[in-house]
J.: 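So that we are looking at the same thing, I have put the structure below in structure tokens.
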Amino acid sequence: MHEMSIAEGIRGIIEQSARQNGFERVTRVRLEIGRFAGVETGALSFAFEVVMRGCAAEGAALEIIELPGRALCYDCGETVEIADRLDPCPNCGGGKLLARGGDEMRIKDMEVL
């Protein structure tokens, strides 16, 4: 389950940020995760709860903001939202799409004390 290592990476970022910025507690973490990032959000929520034990983010709420998949359609020239990488263009039905978003993952922000 790679969601556990993702949660461990988040913990590392939180701990480093706490040292650099002098806060002691994190009450909320908001993550942006793209549709094509390959992350099972339920598994990540579980891993987050387990991995954050004993650190500044223990008991913190995890909010996951799911970002849509986006692609540039070479047939109509529009940037469109798609549910799957192999979907046709929802505007023109074309099949020549270049993924332009949906694989990102980042900490958007944290609420700290």
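Heads up: numbering here begins at 1 and tracks the sequence.
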J.: Can you find a pair of side-chain heavy atoms, one from Tyr74 and one from Leu98, that are under 4.5 Å apart?
T.: yes
J.: Atom CG of Leu44 and atom CE of Met4: how far apart are they, to the nearest 0.5 Å?
T.: 10.0 Å
J.: Kindly indicate, with the supporting measurements, whether the criterion side chain to side chain contact (heavy atoms under 4.5 Å, CB included) is fulfilled by Val112 and Thr27.
T.: CA-CA 6 Å; Val112 301; Thr27 58; over 6 Å; no
J.: What verdict does the side chain to side chain contact (heavy atoms under 4.5 Å, CB included) test give for Phe48 and Leu31, after you've listed the backbone C-alpha separation in whole Å, the side-chain angles of each residue and the deciding distance to 0.1 Å?
T.: CA-CA 11 Å; Phe48 180 86; Leu31 300 178; 5.8 Å; no
J.: How far apart are the C-alpha atoms of Ile6 and His2, what are their side-chain angles, what is the distance that settles it, and do they pass the side chain to side chain contact (heavy atoms under 4.5 Å, CB included) test?
T.: CA-CA 6 Å; Ile6 292 170; His2 74 281; 3.5 Å; yes
J.: Near Arg25 CZ, under 6.0 Å, is it more than 12 heavy atoms from other residues, nucleotides or ligands?
T.: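 Counting neighbours around CZ of Arg25, more than 12 heavy atoms of other residues, nucleotides or ligands fall under 6.0 Å, so yes.
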J.: Find the distance between OG (Ser45) and CD (Glu40) and round it off to the nearest 0.5 Å.
T.: 9.0 Å
J.: Please tell me if the side chains of Val39 and Glu3 come closer than 4.5 Å, counting only heavy atoms from C-beta onward.
T.: yes
J.: Can you tell me which residue pairs pass the side chain to side chain donor-acceptor pair (under 3.5 Å) test with a partner in residues 12-24, sequence neighbours excluded?
T.: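 Every side chain to side chain donor-acceptor pair (under 3.5 Å) pair that includes a residue of residues 12-24, provided the two are not neighbours, is Arg11-Glu15, Ser17-Asn21.
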J.: Of all heavy-atom pairs between Pro88 and Gly93, which one has the smallest distance, and what is that distance?
T.: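 Closest approach of Pro88 to Gly93, heavy atoms only: CB-O, 3.7 Å.
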J.: Could you go step by step and tell me if Leu97 and Cys89 meet the side chain to side chain contact (heavy atoms under 4.5 Å, CB included) rule?
T.: CA-CA 7 Å; Leu97 299 172; Cys89 175; 4.0 Å; yes
J.: Search all heavy atoms of Val80 against all heavy atoms of Pro90 and return the closest pair with its distance.
T.: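 It is CG2-CD, 3.7 Å.
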J.: What is the distance from atom CD1 of Ile14 to atom CD1 of Ile107, rounded to the nearest 0.5 Å?
T.: 5.5 Å
J.: Salt bridge between Arg28 and Glu63, side-chain N to carboxylate O under 4.0 Å?
T.: yes
J.: Give a yes or no on whether Met105 and Ile10 share a hydrophobic cluster (residues Ile, Leu, Val, Met, Phe, Trp, Tyr; joining criterion: side-chain heavy atoms under 4.5 Å apart).
T.: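 Hydrophobic grouping puts Met105 with Ile10.
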J.: Shared ILVMFWY cluster between Ile64 and Phe36, side chains joined below 4.5 angstrom?
T.: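 Not linked; separate clusters.
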J.: Linking I/L/V/M/F/W/Y whenever any side-chain heavy atoms sit under 4.5 Å apart, do Leu67 and Leu72 land together?
T.: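 As far as the 4.5 Å side-chain criterion goes, Leu72 and Leu67 are not connected within one cluster.
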J.: Could I get the full list of side-chain contact (heavy atoms from CB on, under 4.5 Å) partners for Lys108, not counting sequence neighbours?
T.: Arg30, Glu32, Ile65, Arg106
J.: Can you hop from Phe23 to Leu62 via hydrophobic side chains spaced under 4.5 Å?
T.: yes
J.: Can you name the side-chain contact (heavy atoms from CB on, under 4.5 Å) partners of Leu86, sequence neighbours left out?
T.: Asp84
J.: Is it the case that the side chain of Glu49 and the backbone of Ala47 share a donor-acceptor pair, with hydrogens and angles ignored and the cut-off at 3.5 Å?
T.: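 Here the side-chain-to-backbone pair does not exist.
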J.: Show the nearest heavy-atom pair for residues Asp87 and Ala83, with the distance to one decimal.
T.: OD2-N, 3.3 Å
J.: Tell me the closest heavy-atom pair linking Gly94 and Asp75, and the distance in Å.
T.: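 Here Gly94 and Asp75 meet closest at CA-OD2, 3.0 Å.
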